[in-house]
Amino acid sequence: MTDKVFENLIGGRWIGGADFNENRNPSNLAEVIGLYARAGEAEVEMAVAAARQALPAWAMASPQVRADLLERVGATILARKEELGALLSREEGKTLAEGIGETVRAAQIFKFFAGEALRNAGDLLASVRPDIDVEVTREPVGVVGLITPWNFPIAIPAWKIAPALCYGNTVVLKPADLTPGCSHALVEILAEAGCPDGVINLVMGSGSVVGNAMLAHPDIDAISFTGSVPVGRSIAVEAARGLKKVQLEMGGKNPMVVMNDADLDIAVGSCLNSAFFSTGQRCTASSRLIVQSGIHDAFVDKLQAAMSALVVGDALDPATQIGPVASSSQLNSNLDYVAVAASEGAEVIGGEQVNGKAEGYYQRPALFVNATNQMRVSREEIFGPCASVIKFDDFDEGLALANDTEFGLSSGICTQNLKMARDFKRLSQAGMVMVNLPTAGVDYHVPFGGRKGSSYGSREQGRYAAEFYTTVKTAYNFAG
Ligand code: NAP
Ligand code: MG
């Protein structure tokens, strides 16, 4: 049987590429999901030209047209959530429940921005000079390039495409080479929903070829990137060279502080979820569990028992709670970090590679007990189902440990003490702070992003997305 071929969308036409990427299922390596065309520089050139050509009409389109398109896309995703969720789980490896959950989130984001298209308000002020009015309005930025990672293969493209189109920009999307399937499906839905030719363009392929060509292209006005810190840094430099507007969402080493007075079930449940669910492959995962000495042993015992009960297996098996790691390179990196934790003197619980029913990248969750915050496993983002447990004595020390990191995406505290929760919310150096909740798992209608090494530029999602996807104009009008 020949494998199904999926092409790039450029100017409303489906076009092949230089070669094809075999998209394999990490739960079952024998299964090829499809062959996805890899774009080269020539396809990027065509895609940017198509986006540029489509821009004036889309920028001036009635907000009703944009709202209707985004609403139709959201409704279609929702109606197809089981199928799209299964595709997501097959290509990325998160469980079917997580795949469907992420798909529903993508749909909700399109619906949210359908409404926002009608609420793109400005300001009208009196000038400081007589008989003059001043208008402040928001206009599209232009052609935006979107570069996305593999770990949220439908939600992240959705949370960039929806605001981009909402505010009248045209798009060139480059999804991660590891997970092109969800982006292909999403772009197909947009095209079928009536998105005009050239308003959304898909160029699949590697970052070094397609991503570089996008950054070098003078006709791309802005780049929104989600991925790792090293790639993000190089993107910021290239974007500055071309004076492109840029927004980066990057890694995390998110702390969860557990105080002596915490509800033990809430603390263990929150840490189990945010450290290990989605196989730990969330930028908001809790990878440093910072636990006060009085509750430490009870916490570790209970978390260890809950971890050992987790079912690791095929993402599509309804019994599975932890799907496979997404790729062989990620699995090898995770296993290396487990060895590093042991060599650094942590007590390692779990973390071993295991067999599934079929050949896949299966690993049991790992806890690094008696870790310090100085160990490599507590400082570097592992991006797998691995978490350090770091013991501390008083609140100030716990807070200092939480903030002692180059990252600042998400953080959490488990406590029943209002003052400690309040102080932590105020003093945590993170963009998102959780009280008695996992550090991962956020709403779609509020800003998402971090501080320090985790983010650069304005926030994504919710109404704050307008900061990136619009540019402000100040108009003066003399009516004397
Ligand atoms: P990555 O390796 O940085 O890749 C992200 C994207 O950038 C991919 O599409 C990649 O292409 C592309 N890319 C690579 N090199 C490039 C270059 N020189 N120029 C332009 N584009 C380039 O990240 P990943 O491994 O896919 O994802 C994991 C990372 O994403 C983790 O660090 C995680 O924390 C972060 N993440 C952050 C958030 C957030 O919102 N803060 C959310 C999710 C994930 P190819 O890989 O296809 O070659
Ligand atoms: Mg990568």
Side-chain angles (χ1 to χ4, degrees), residues 21 23 36 38-39 41 44 91-92 94 102 105 145-160 172-183 202-217 220 223-239 241-242 244 246-254 278-287 325-327 329-331 333-334 380-384 405-410 430-432 439-442 444 447-461 465 468:
N21 165 23
N23 188 0
Y36 287 81
R38 276 207 177 98
E41 283 175 20
V44 172
E91 75 169 349
E92 198 268 351
K94 64 184 65 168
E102 185 184 329
R105 180 191 177 97
L146 310 179
I147 300 179
T148 57
W150 49 262
N151 66 323
F152 283 98
I154 197 161
I156 294 179
W159 82 51
K160 295 184 191 296
V172 176
L173 168 67
K174 190 214 98 60
D177 209 22
L178 191 64
T179 55
C182 288
S183 281
L202 174 70
V203 280
M204 300 176 286
S206 78
S208 54
V209 176
V210 176
N212 273 342
M214 287 167 66
L215 279 151
H217 205 299
I220 290 189
I223 294 276
S224 178
F225 164 86
T226 300
S228 61
V229 174
V231 175
R233 262 182 213 282
S234 73
I235 285 181
V237 170
E238 284 309 308
R241 214 186 295 282
K244 295 183 190 333
V246 66
Q247 171 185 63
L248 312 173
E249 289 298 344
M250 300 172 285
K253 196 71 195 175
N254 309 296
S278 299
T279 323
Q281 299 171 152
R282 293 187 285 189
C283 48
T284 47
S286 306
S287 48
V325 176
S327 68
S329 60
Q330 186 65 57
L331 174 63
S333 167
N334 296 350
E380 299 171 15
E381 184 184 46
I382 300 175
F383 217 56
T405 168
E406 66 174 282
F407 298 103
L409 188 57
S410 180
M432 298 175 288
T439 57
V442 295
Y444 64 87
F448 178 96
R451 298 183 184 176
K452 302 201 283 191
S454 292
S455 294
Y456 185 80
S458 53
R459 288 283 189 271
E460 300 199 80
Q461 303 193 51
F468 183 74

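Start at 1 and go down the list; that is how both ligands and their atoms are numbered.
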A student checking ligand 1 against N151 at a 4.0 Å heavy-atom cut-off should list atoms 43 (C), 44 (C)

**Prompt:** G450 near ligand 1, heavy-atom distance under 4.0 Å?
**Reply:** no

(message) Does any N or O of ligand 1 fall below 3.5 Å from an N or O anywhere on S206, backbone included?
(response) no

Practice problem: Look at atom CD of E380 and say whether more than 12 heavy atoms of other residues, nucleotides or ligands are closer to it than 6.0 Å. | Solution: yes

ask   = For the side chain of N151 and the backbone of Q281, is there at least one donor-acceptor N/O pair under 3.5 Å apart?
value = yes

Logged contact type for I235 with ligand 1, heavy-atom cut-off 4.0 Å, is side chain

One finds that the ligand 1 atoms under 4.0 Å from a non-hydrogen atom of T226 are 5 (C), 36 (N), 37 (C), 38 (C), 39 (C), 40 (O), 42 (C), 43 (C), 44 (C)

- Message: Does ligand 1 come near enough to S228 that some N or O of the ligand is less than 3.5 Å from an N or O of the residue?
- Response: yes

Short version for D177: what comes under 4.0 Å of ligand 1, heavy atoms counted, is both

In terms of heavy-atom contacts, S454 and G251 come closest through OG-O, 2.7 Å

Legend entry - Side-chain donor or acceptor of Q247 paired with backbone N/O of S458 under 3.5 Å: yes

For M204 and Y36, the nearest pair of non-hydrogen atoms, with its separation, is SD-CD2, 3.7 Å

All heavy atoms of I382 vs all of Q330, minimum pair found to be O-NE2, 3.0 Å

Counting heavy atoms under 4.0 Å, the part of M250 that contacts ligand 1 is backbone

State, yes or no, whether a side-chain contact exists between F448 and R459 at a heavy-atom distance under 4.5 Å. no

| said: Tell me whether I156 reaches ligand 1 (any heavy atom closer than 4.0 angstrom to a ligand atom). | reply: yes

Quick look: T148 vs ligand 1, heavy-atom contacts under 4.0 Å, and the answer is backbone

Closest to atom 45 (P) of ligand 1 by heavy-atom distance, out of P230, S454, A155, G207, is G207

Short version for V231: what comes under 4.0 Å of ligand 1, heavy atoms counted, is side chain

In terms of heavy-atom contacts, K94 and E92 come closest through N-OE1, 3.0 Å

Closest heavy-atom approach to atom 35 (C) of ligand 1 among G227, S329, G232, C283 is made by G227

With nothing but distance in play, are any N or O atoms of S208 less than 3.5 Å from an N or O of ligand 1? no

In ligand 1, the atoms that come under 4.0 Å of a heavy atom of A176 are 9 (O), 47 (O)

task: For E91 and G181, indicate whether the former's side chain and the latter's backbone hold a donor-acceptor pair under 3.5 Å.
output: yes

Heavy-atom nearest pair, K452 first then T405, reads NZ-O, 2.9 Å

Checklist entry - Thinking salt bridges, do R105 and E102 make one under a 4.0 Å N-O criterion? => result no

Quick note on ligand 1: atoms under 4.0 Å from a heavy atom of F448 include exactly 39 (C), 40 (O)

Numbered in order shown, the ligand 1 atoms found under 4.0 Å of a heavy atom of G205 are 47 (O)

Side-chain touch E249/L409, heavy atoms, less than 4.5 angstrom | yes

At under 4.0 Å between heavy atoms, what of L409 touches ligand 1? The answer is side chain

Of N212, N21, I382, the residue with the heavy atom nearest atom 19 (N) of ligand 1 is N212

